[in-house]
Amino acid sequence: MMKIVVLDGYTVNPGDMSWKQLQKLGDLTVYDRTAPHDVTRRAEEADVVLTNKVVLDKSQLERLPRLRYIGVLATGYNVVDLDEARRRGIVVTNIPAYSTDSVAQMTFAHILNITNRVGHYAQANMEGRWTSSPDFCYWDTPLQELAGKTLGIVGLGHIGLKVARIAREFGMDVFAQTSKDSASLPEGVQKTTFHGLLEVSDILTLHCPLTEQTRGMVNMQTIQMMKRGAIIINTGRGPLVNEHDVAEALRKGYLAGYGADVLSEEPPRSDNPLLTTPNAFITPHIAWATAEARKRLMDIAVHNVEAFIKGNPVNIVS
């Protein structure tokens with residue numbers, strides 16, 4: 001029987017779901033979290049290892065000679081040394097496109113929070129602001145309508161396309177930086193360059209992979225190419241932006257708001273400037289974590305392991 005070890009199962013399943021389907025496929029051990037120095041001890045007898053954020057680099061893989069399969073419990077798979085896995089004949093799979101709807105939803109949650117400040121007004125009303133108002137309404141922040149605004153999308157994969165469709169329903173003009181051919185884009189989505197997006201966007205949203213070319217693509221220089229008072233949304237990867245530059249741009253008024261579900265270091269250091277800068281709105285990497293998305297992730301993870309055991313692996317990234 002296959003020995004299956006889940007190294008960090010808590011964020012995927014903190015107890016509201018079941019591992020029973022995976023348990024049917026082998027001798028299963030699930031750890032909530034695994035520190036780097038515990039990986040070898042916990043996985044040394046495993047044929048199959050599932051990991052979300054626990055790193056399996058060359059040094060770790062060298063100490064796991066029995067390992068034949070790594071299932072990454074996420075879409076991104078940079079936690080695994082793929083070159084070393086290939087050398088060792090280890091199959092590596094990921095979970096593609098399970099959270100598209102949820103991440104697109106969070107993208108607009110951030111956009112609407114910045115433009116409408118629902119949380120701000122709800123909190124003010126809990127503190128008695130409305131009951132003491134001399135008028136039937138009040139507002140103390142700019143309130144913006146999305147219709148007629150321009151949304152710039154960096155990266156037009158599954159999530160970027162979903163965001164584009166939602167934006168069109170709001171009546172927004174949509175531009176995108178994408179490798180896709182212009183003729184294949186949805187109606188109402190116009191292709192341009194990154195610099196073109198900077199020039200036209202009222203709101204810029206990031207949905208591209210983290211590469212050496214995209215790392216730090218949003219910085220003080222590129223922000224100053226944008227309209228003053230623009231909004232930036234990042235539900236992609238934290239290091240796509242220079243966080244100190246974004247914080248400074250917010251303080252100086254170059255940006256009206258920054259909404260992000262990701263930071264360059266997670267969990268973040270307490271001195272990360274975006275945690276305390278006004279008009280920076282940071283959620284704790286939860287766009288993917290709706291119950292529906294996690295259920296899809298669990299189902300696909302089980303299917304991936306089952307396909308590997310049957311000799312026909314799917315969703316291979318190695």
Side-chain angles (χ1 to χ4, degrees), residues 36 51-58 72 74-85 92 94 96 99 103-104 106-107 110 151-161 163 175-180 191-201 203-226 230-252 254-255 257-275 277 280-288 317-318:
T51 178
N52 189 335
K53 293 296 183 285
V54 175
V55 173
L56 294 170
D57 58 18
K58 181 178 180 181
V72 180
T75 301
Y77 43 86
N78 57 304
V79 295
V80 179
D81 185 330
L82 294 185
D83 290 335
E84 185 64 20
V92 182
N94 75 335
S99 63
V103 177
M106 178 62 84
T107 298
H110 274 288
L151 181 71
I153 303 175
V154 182
L156 214 56
H158 293 292
I159 296 170
L161 282 169
V163 168
F175 288 77
Q177 179 196 11
T178 175
S179 59
K180 291 181 169 63
K191 180 174 179 175
T192 187
T193 63
F194 180 57
H195 283 167
L197 289 185
L198 296 175
E199 292 176 3
V200 302
S201 296
I203 302 172
L204 181 72
T205 182
L206 309 179
H207 301 288
C208 58
L210 178 63
T211 66
E212 287 310 306
Q213 289 70 43
T214 62
R215 183 180 296 274
M217 67 192 305
V218 173
N219 52 55
M220 187 56 74
Q221 180 181 2
T222 55
I223 290 170
Q224 290 179 324
M225 296 178 187
M226 300 183 70
I231 294 166
I232 296 177
I233 307 296
N234 185 7
T235 55
R237 292 289 183 267
L240 293 172
V241 310
N242 181 311
E243 292 171 345
H244 288 273
D245 285 2
V246 169
E248 183 180 355
L250 288 166
R251 288 192 295 267
K252 291 183 175 180
Y254 297 136
L255 294 176
Y258 177 68
D261 189 54
V262 288
L263 290 175
S264 58
E265 185 178 349
E266 296 174 350
R269 291 165 50 99
S270 60
D271 61 354
N272 186 305
L274 291 176
L275 297 177
T277 299
F281 302 93
I282 312 300
T283 49
H285 204 142
I286 54 172
W288 67 281
V317 296
S318 57

Looking at side-chain heavy atoms only, is the closest gap between Met225 and His195 below 4.5 Å?
yes

Tightest non-hydrogen contact, residues Val317 and Leu82, listed as O-CD1, 3.6 Å

**OP:** Decide if atom CD of Gln221 counts as having more than 12 heavy atoms of other residues, nucleotides or ligands within a radius under 6.0 Å.
**Re:** no

Applied to residues 232-251, the salt bridge (charged side-chain N to carboxylate O under 4.0 Å, His left out) test, sequence neighbours excluded, yields Glu248-Lys252

dist Gln224:CD -> Leu198:CG (nearest 0.5 Å) comes out at 11.5 Å

Open item on the list: If you count heavy atoms of other groups shown closer than 6.0 angstrom to CZ of Phe175, is the number above 12?
Closed with: yes

*Do we see a donor-acceptor contact under 3.5 Å between the side chains of Thr235 and Asp261?*
no

Residues Val72 and Asn52: closest non-hydrogen pair is CG1-O, 4.4 Å

For Leu274 and Ala280, the nearest pair of non-hydrogen atoms, with its separation, is O-CB, 3.4 Å

task = Output yes when a side-chain donor or acceptor of Asn94 lies under 3.5 Å from a complementary backbone atom of Thr75, and no otherwise.
result = yes

- request: Evaluate the side-chain contact (heavy atoms from CB on, under 4.5 Å) criterion for residues Leu210 and Leu240: first the C-alpha distance (whole Å), next the side-chain angles of each, then the deciding distance (0.1 Å), finally the verdict.
  value: CA-CA 6 Å; Leu210 178 63; Leu240 293 172; 4.0 Å; yes

- List the steps, then state whether side-chain contact (heavy atoms from CB on, under 4.5 Å) holds for Met217 with Val154. CA-CA 10 Å; Met217 67 192 305; Val154 182; 3.7 Å; yes

Residue set satisfying side-chain hydrogen bond (donor to acceptor under 3.5 Å, both in side chains) with Gln177, at least two apart, ordered chain then number -> none

Working for side-chain contact (heavy atoms from CB on, under 4.5 Å), residues Ile232 and Ile223 = CA-CA 9 Å; Ile232 296 177; Ile223 290 170; 4.2 Å; yes

So CG of Leu204 and CG of Asn234: to nearest 0.5 Å the spacing works out to 9.5 Å

Output for pair (Asn78 CG, Asp57 CG), nearest 0.5 Å, gives 12.0 Å

Between Thr205 and His207 the two heavy atoms that sit nearest each other are OG1-NE2, 2.7 Å

Using side-chain contact (heavy atoms from CB on, under 4.5 Å), reason through Tyr258 and Thr277 one step at a time and then give a plain yes or no.
CA-CA 10 Å; Tyr258 177 68; Thr277 299; over 6 Å; no

- Main-chain N/O of Gly196 paired with Glu199 side-chain donor or acceptor, under 3.5 Å: no

Note to self: Quick check: do Thr283 and His110 have side-chain heavy atoms less than 4.5 Å from each other?
What the structure shows: yes

Contacts of Glu212 meeting salt bridge (Lys or Arg N to Asp or Glu O under 4.0 Å) (sequence neighbours excluded), chain-then-number -> Arg215

d(Lys191 NZ, Leu197 CG) to nearest 0.5 Å is 11.5 Å

Heavy-atom nearest pair, Ile159 first then Ala104, reads CG2-N, 4.3 Å

Correct closest heavy-atom pair for Ser201 and Leu151 would be OG-C, 4.3 Å

query = More than 12 heavy atoms of other residues, nucleotides or ligands under 6.0 Å from NE2 of His285: is that the case?
reply = yes

Here the gap from Met106 atom CE to Ser99 atom OG, rounded to the nearest 0.5 Å, amounts to 11.0 Å

Distance col, row Leu56:CG vs Tyr77:OH, nearest 0.5 angstrom, shows 15.5 Å

